[in-house]
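Numbered from 1 within each chain, the chains take letters A, B, ... in sequence-line order.
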Amino acid sequence: MQIKLLYFARLRERFELDGEDLDVPRGVQTVAGLLSHLAGRGDVWADELASGRVFRVALDQELVDFSALLHDGAEVAVFPPVTGG
Amino acid sequence: METLPQASIHITVQTDDFNLANEHQHLSQGDRGIGAMVSFVGLVRDLNLADDVVALELEHYPGMTEKALTGIAEEAAVRWPLHAVRIVHRVGRLRPGDRIVLVLVASAHRHAAFEASTFIMDYLKTRAPFWKKEWTPAGPRWVDARVGDVSAADRWHQVVSEQYGNDDHD
């Protein structure tokens with residue numbers, strides 16, 4: 001399963017990456033699984049995506065909770081809580 | 001069956017400033033049923049957490065931002081009898097005193113227009129993917145989301161919108 005990942009604001013700066021195409025490892029089905037896979041990269045990834053840190057995930061441009069199911073071709077964005085207006 | 005709201009919805013995300021008079025005119029054009037128009041304009045403040053803010057930089061998520069704002073306007077149009085909603089949000093580098101966001105709501109009824117505009121701002125602050133970075137003499141820092149914004153949005157879950165059928169708009 002291939003997905004497109006996007007990072008915004010503080011997370012984009014800390015990861016030094018605004019996005020990437022990812023071949024999702026077998027067995028990873030949900031947003032939660034994806035996040036622990038990314039946290040497994042260690043360093044800033046583990047630091048920012050550790051449980052207890054507050055961040056949001058959008059799947060195909062809709063806010064979702066971490067139990068949401070991934071699908072091939074999904075656009076997944078990870079970002080801090082929003083501060084517009 | 002519930003009928004879909006017929007409100008005209010217009011969403012813009014732009015770096016340029018907006019002109020309130022022009023936006024007002026676009027909102028009400030040709031609609032004699034409008035009895036009330038409420039406008040909210042948000043400005044960049046120069047003080048936050050006791051430091052001097054010299055500039056504000058706004059980042060957004062192109063594509064999702066427009067979808068989120070449209071969804072919020074549509075949700076408002078389900079809850080209140082609205083004729084039109086117009087949201088303009090600026091991105092990029094802004095300075096203290098600059099206009100940052102405009103919410104314009106038109107309805108036959110005053111209360112609907114007031115309430116819908118408050119609802120839209122409360123939801124925008126917690127659901128629309130914008131992020132603010134403040135530039136201070138000590139350097140840049142990202143603005144943290146406020147707990148109060150979340151509870152302001154949450155309170156609308158409890159609110160049951162009233163009936164406006166017999167309300168005189170003015």
Report task. Would you indicate whether B/Arg146, at its atom CZ, is surrounded by more than 12 heavy atoms from other residues, nucleotides or ligands within a distance under 6.0 Å? Result -> no
**Report entry** Same apolar cluster (I L V M F W Y, side chains within < 4.5 Å links), A/Leu22/A/Leu11
**Finding:** yes
Query raised in the report: So which of A/Asp60, A/Leu63, A/Leu6 actually passes side chain to side chain contact (heavy atoms under 4.5 Å, CB included) with B/Met64?
Result: A/Leu63
Report task. For atom CZ of B/Arg95, decide whether the heavy atoms of other residues, nucleotides or ligands shown that lie under 6.0 angstrom number more than 12. Result -> no
Query - Contacting moiety of B/Ala128, where chain A heavy atoms sit under 4.5 Å - result: backbone
Query raised in the report: Can any side-chain N or O of A/Thr83 pair as donor or acceptor with the backbone N or O of B/Lys132 at less than 3.5 Å?
Result: yes
Requested in this report: Over 60° means perpendicular and under 30° means parallel, so classify the ring planes of A/Phe8 and B/Trp131, tilted if in between.
Outcome: parallel
Query raised in the report: Between B/Arg127 and A/Arg56, is any pair of side-chain heavy atoms under 4.5 Å apart?
Result: no
Query raised in the report: Can B/Phe114 be reached from B/Ile34 by stepping across I, L, V, M, F, W or Y side chains whose heavy atoms are under 4.5 Å apart?
Result: no
Report task. For salt bridge (Lys or Arg N to Asp or Glu O under 4.0 Å), just list the numbers for A/Arg10 and B/Glu59, CA-CA rounded to whole Å, side-chain angles, deciding distance to a tenth of an Å, and then say yes or no. Result -> CA-CA 10 Å; A/Arg10 192 193 73 241; B/Glu59 178 176 338; over 6 Å; no
Query raised in the report: Does CD in B/Gln29 sit with more than 12 non-hydrogen atoms of other residues, nucleotides or ligands closer than 6.0 Å?
Result: yes
Report task. Measure distances from B/Asp144 to the heavy atoms of chain A and classify the residue's part below 4.5 Å as side chain, backbone, both or neither. Result -> backbone
Requested in this report: Say whether B/Ile72 and B/Val150 are linked into one hydrophobic cluster, either directly or through other cluster members, by side-chain heavy-atom distances under 4.5 angstrom.
Outcome: no
